[in-house]
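Data first, discussion second: the structure below is written as C-alpha cells.
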Amino acid sequence: MPNAPAAAPLIEISVAAPAYNEADNIAAAVTEWRDYLERNPAIGAWEIVVCDDGSADATGRILEGLRADCPQLVVVTFERNRGAGAAIAAAIARTRMDWVVLLDSDGQFPIANLDRFIERIRAGAELAFSGARIRKADSLPYRWGSAASGAVSNLLHRTRYRDFNSIFKVVHGPLFRALPLESAGMNCSTEITARVAELGHAWVELPIEHRERGGGSRGWRFWRGARDRALFVGYLGLRHWLLRRGVLRVPAGHEEVR
C-alpha cells in the first residue's frame, strides 16, 4: 500500500507592527490578527509584536488590556515618539518566528491577505514577499506621491516593482532581523524594499487588498512627508549606486543570510 503523502509543514509566524496614537484602531487590529492566526490551519506557533511609539492617547493602555486575553501579544514601548521607522525596526527585532509579517495598526492591510502567500512560503524557494495594492484606498495626493516615489525608486534600483512602498511584507525571519534599517519616519517600507534588493534577493509581489483607515488620522503631514520621502529615496538611490561601484560594501554576514 503506498505511503500517504506527508502533510505540509506548519508555518511559524510573527506579526510585527508599529502603533502611534491608534486608540481608535488598535483593539480591532490586534483582534483581527489574533483570530486569523488562531484559526488558520496552515499556521503553527505565532506571536504579535506591537511597538507603541510613545503614543499620547490610550493606545498603550489598550494594548496592555489585550495582553490579558492574548499571551502571544508582545508590547514594546517607547517613552517618547521616535517615528514609524524606529518603531517598525524595534518590533521586527523582538520577533522570534521563522517568518515575519509586517503590518500597520490602522487597519488598512487585512491580515487575510496572507492567504495568497502561504503556499509560496511553504514551497521554500523565496525569502521575501511583498503585497502590491490592487487599489489603494488613500486619497489622491497620497496615491500620486507613492506612485512618483515608487517610479523613482525602481529607476534608481533597476527594478520593476508595482508597489515599491507597500508596508505589507512577509520576510524570512533571519533575513528581516538582520536588515540594517536607518529610517526614522514613514519611509521604512521603502527602505526595506531597497535593503533586501541590495542583498541580492528579489521580492515576490502578490496582489493584496487595501482598505481605508479604520479611524483616527495619519501621524504625519503630507507636505513634510513628501519632502522627507523625496530626500530619503535620493539617499537610497545614491547608496545603491555606491554599492554597485564598490565604494560601499554590504556589511559582512548579510550577503548570504538564509
Could you pull out the closest heavy-atom pair between [X] and [Y], with the gap in Å?
X    : Y    : answer
E22  : D106 : OE2-CB, 3.7 Å
A132 : R162 : CB-CD, 4.0 Å
C188 : S183 : N-OG, 3.4 Å
I62  : A27  : CG2-CB, 4.0 Å
S166 : I208 : OG-CD1, 4.3 Å
A197 : W203 : N-NE1, 4.3 Å

Residues [X] and [Y]: side-chain donor-acceptor under 3.5 angstrom:
X    : Y    : result
N165 : T190 : yes
T95  : R177 : yes
S55  : D52  : yes

Inspect the contact between E64 and R61 and indicate whether a charged nitrogen and a carboxylate oxygen are less than 4.0 angstrom apart.
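No.
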Charged N to carboxylate O under 4.0 angstrom, R39 versus E32?
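Judged by the 4.0 Å cut-off on N to carboxylate O distance, R39 and E32 do not form a salt bridge.
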Would you find a donor on one side and an acceptor on the other, under 3.5 Å apart, between the side chain of [X] and the backbone of [Y]?
X    : Y    : result
D53  : A87  : no
T193 : S189 : yes
N154 : Y161 : yes
R122 : I11  : no

Take N81 and N21 through the side-chain contact (heavy atoms from CB on, under 4.5 Å) test and state the conclusion after the steps.
CA-CA 10 Å; N81 179 244; N21 289 346; over 6 Å; no
Is it true that [X] and [Y] fall in one hydrophobic cluster, defined by side-chain heavy atoms closer than 4.5 Å?
X    : Y    : result
L181 : L238 : yes
L103 : I134 : no
M97  : V74  : no
V50  : F78  : no
V76  : V100 : no

Spacing of [X] atom [atom1] and [Y] atom [atom2] [to the nearest 0.5 Å]:
X    : Y    : atom1 : atom2 : result
N187 : L231 : CG    : CG    : 9.0 Å
E126 : H201 : CD    : NE2   : 12.0 Å
L10  : I43  : CG    : CD1   : 9.0 Å
D163 : S130 : CG    : OG    : 6.5 Å
N113 : Y36  : CG    : OH    : 8.5 Å
L127 : H172 : CG    : NE2   : 6.5 Å

Using the ring centroid of each side chain, check whether H157 and F164 are separated by less than 6.0 Å.
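Centroid distance H157-F164: below 6.0 Å, so yes.
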Less than 6.0 angstrom from the centroid, inside 45 degrees of the normal: does R120 satisfy that with respect to the ring of F117?
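Geometry flag: not set, cation outside 6.0 Å or 45°.
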Sort out for me which residue in V101, L114, V170 forms a side-chain contact (heavy atoms from CB on, under 4.5 Å) with F129.
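The single option meeting the side-chain contact (heavy atoms from CB on, under 4.5 Å) with F129 is V170.
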What salt bridge (Lys or Arg N to Asp or Glu O under 4.0 Å) pairs are there with at least one residue in residues 193-207, not counting sequence neighbours?
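Listed by first then second residue: E182-R195, E191-R195, R195-E198, E198-R239.
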Can you check whether [X] reaches [Y] side chain to side chain, under 4.5 Å on heavy atoms?
X    : Y    : answer
D104 : P18  : yes
F109 : R211 : no
Y20  : T59  : no
V75  : L73  : yes
E47  : R96  : yes
I92  : V171 : no
I118 : N40  : yes
V49  : V15  : no

Would L175 and L199 count as a side-chain contact (heavy atoms from CB on, under 4.5 Å) if you check the C-alpha gap in whole Å, the side-chain angles of each, and the deciding distance to 0.1 Å?
CA-CA 10 Å; L175 172 60; L199 298 177; 3.7 Å; yes
Show your working on side-chain contact (heavy atoms from CB on, under 4.5 Å) between I48 and R34 and close with a plain yes or no.
CA-CA 8 Å; I48 298 170; R34 181 196 64 198; 4.3 Å; yes
